[in-house]
Each structure stands twice: as structure tokens, then as C-alpha cells.
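Take a look at the structure set out below.
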Amino acid sequence: MKKQVIAGNWKMNKLAGETALFIQQLKPLVNNAVCTVVVCVPFTDLSVAVSAAKGSNIKIGAQNIAWADSGAFTGEISGAMLSEANVEYVIIGHSERRQYFNETNATVQQRTKAALKYNIKPIVCIGELLEHRQQNMTEQVLYSQISEGFNGINADEMSNIIVAYEPVWAIGTGVVATNEQADSTIRYCRKVFSKLYGDKVANNLVIQYGGSMNDINAKDLLNMPDIDGGLIGGASLNENKFAAIIKAAKA
Ligand code: PGA
């Protein structure tokens with residue numbers, strides 16, 4: 001049975017001391033959660049977060065993974081390193097990485113393969129820019145992101161992958177997609193996955209919405225039929241707001 005997944009994306013926020021405190025305070029607020037709870041923290045907070053979350057229902061994720069196993073890749077962190085740190089999830093291809101760090105559909109595909117190899121669940125981000133939506137190119141952009149980003153990934157591997165649909169114009173802007181926009185665009189993505197992998201894989205695939213989701217709008221978004229969870233930026237930095245979003249998840 002597919003469970004909704006609520007994942008926090010802290011981006012480049014919080015030091016180790018704040019991380020330990022946050023996880024300790026979050027634990028009792030979410031111990032009855034009906035959804036999967038993930039917190040994706042900066043690399044330097046990972047070990048503190050994993051220790052603090054031990055024995056709880058909170059899963060810890062990273063925000064990037066190298067495509068190579070090891071070697072001359074200055075500044076990168078490998079799957080083996082994340083796996084040794086007991087990291088269970090990793091965000092791949094976030095729009096900020098696509099925009100500022102030259103991430104492409106091809107590197108997203110390589111990083112996703114690396115995560116799967118090390119049994120780390122990828123949260124693969126896709127989403128259109130404002131100009132794409134204005135020029136009616138949303139579906140075309142998403143189609144390329146999916147067909148190229150998931151190239152060579154088989155149906156079995158899809159059961160370990162989460163997709164986050166994040167319209168770039170809604171990220172960090174306070175402009176949330178309408179419930180219908182988010183739901184219908186996710187439905188389109190599911191149709192593409194269905195074409196590539198068949199209905200069963202597509203229906204079992206968790207596709208989150210992300211972009212200015214918060215404690216106020218989460219319930220309506222998470223109640224939409226095709227939305228299987230949320231990837232939360234700003235609102236995941238506050239344990240009470242994040243816990244409220246987790247409480248809004250559908251059983
Ligand atoms: P936001 O970020 O919730 O602050 O809009 C979402 C994301 O970037 O994943």
C-alpha cells in the first residue's frame with residue numbers, strides 16, 4: 001500500500017546543534033504519523049541527524065549524491081559515504097541545482113543510478129519554469145525531464161524512487177500552485193510514467209508536490225487524488241509547521 005511521503009528540504013540551513021535540537025523536538029510531534037517522514041539536511045548535519053532520529057519514525061536524507069563511486073571528484077559525496085552514514089534518502093535534481101550548478105537530465109539520471117546502487121531512495125525533482133507554463137510548454141518540459149532523467153531505470157528500480165513535482169515558479173516564492181494545477185500536472189507525469197513503465201508502476205509511484213507548501217495549504221493539496229506527499233522547503237525549518245504538514249497527510 002502506497003503511503004504519502006512528507007520530506008523536508010532544509011537546503012543550506014541549520015548547523016549541527018540546531019539539527020539535533022530540531023529532531024529531538026520533532027520526534028514526539030510526529031510519532032503517530034500516517035505518512036513517511038523524511039528530513040533532508042546538509043551533509044555536515046547528517047551524522048547528528050541520523051543519531052538524533054535513531055529509534056524514531058523520522059528518516060534522514062541528503063541533498064545530493066555523486067554519480068561516481070569514488071575518485072577525483074572534488075567537492076562531491078559518494079553513495080558509499082552516504083550509505084556508511086546510514087542515510088536512507090537523497091534529493092536529486094532540485095531546481096536550484098539545475099539552475100546554479102549545471103545539473104541536467106543526464107546528470108540526474110546518473111546520480112539516480114548511483115543512489116539505487118547504494119540502496120538510498122532517490123527523491124527526483126522535476127518541474128517547469130514560469131516561462132514554460134506561460135508558453136504552454138509545461139508538459140513538453142516534464143516529458144523530457146522524465147524520459148531523459150529516468151533513461152535506463154527499470155520498472156523494479158522505480159519502486160524505490162520518489163518523484164517530486166515542483167513548479168519552479170512556486171519554490172520559495174509563496175506562490176503555491178492551485179490544488180487543481182498541482183494535481184492535474186502530477187496526473188500528466190503519472191501518465192508519462194505509465195507510458196514508460198505501465199499502469200501498475202505508475203500507480204504505485206509516489207509523486208509529491210513541492211513549492212510553497214505550508215501548514216495552512218497542505219491539507220487541501222494532500223487531499224487531491226494524485227498528490228502523494230510533499231517536498232517542503234521553508235516550512236520544514238520550523239518543527240511545529242513541519243509537524244502540522246505531516247498531520248495533514250492522508251492515511
Ligand atoms: P519551498 O521549497 O517549500 O520553500 O517553496 C520547496 C523546495 O525547494 O523543495
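When a ligand or atom number is given, it counts from 1 through the structure's own listing order. The structure presented is a predicted model; accordingly, all values stated were derived computationally and were not measured.
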Residues Trp169, Glu128; criterion side chain to side chain donor-acceptor pair (under 3.5 Å); working and verdict: CA-CA 8 Å; Trp169 46 270; Glu128 81 285 2; 2.9 Å; yes
Lys/Arg-Asp/Glu bridge criterion (N-O < 4.0 Å) met for Glu88, Lys121: no
Pair Asp226 + Lys191, salt bridge at N-O below 4.0 Å: no
N-O pairing of Arg97 and Glu103 below 4.0 Å: yes
Pair Lys247 + Asp215: basic N to acidic O under 4.0 Å: no
Sequence neighbours excluded, every pair satisfying ring-ring contact (aromatic ring centres under 6.0 Å, His included) that has a member inside residues 98-157: Phe150-Phe193
Pocket residues of ligand 1, ordered first by chain and then by residue number (heavy-atom cut-off under 4.0 Å): Asn9, Lys11, His94, Glu166, Ala170, Ile171, Gly172, Gly211, Ser212, Leu231, Ile232, Gly233, Gly234
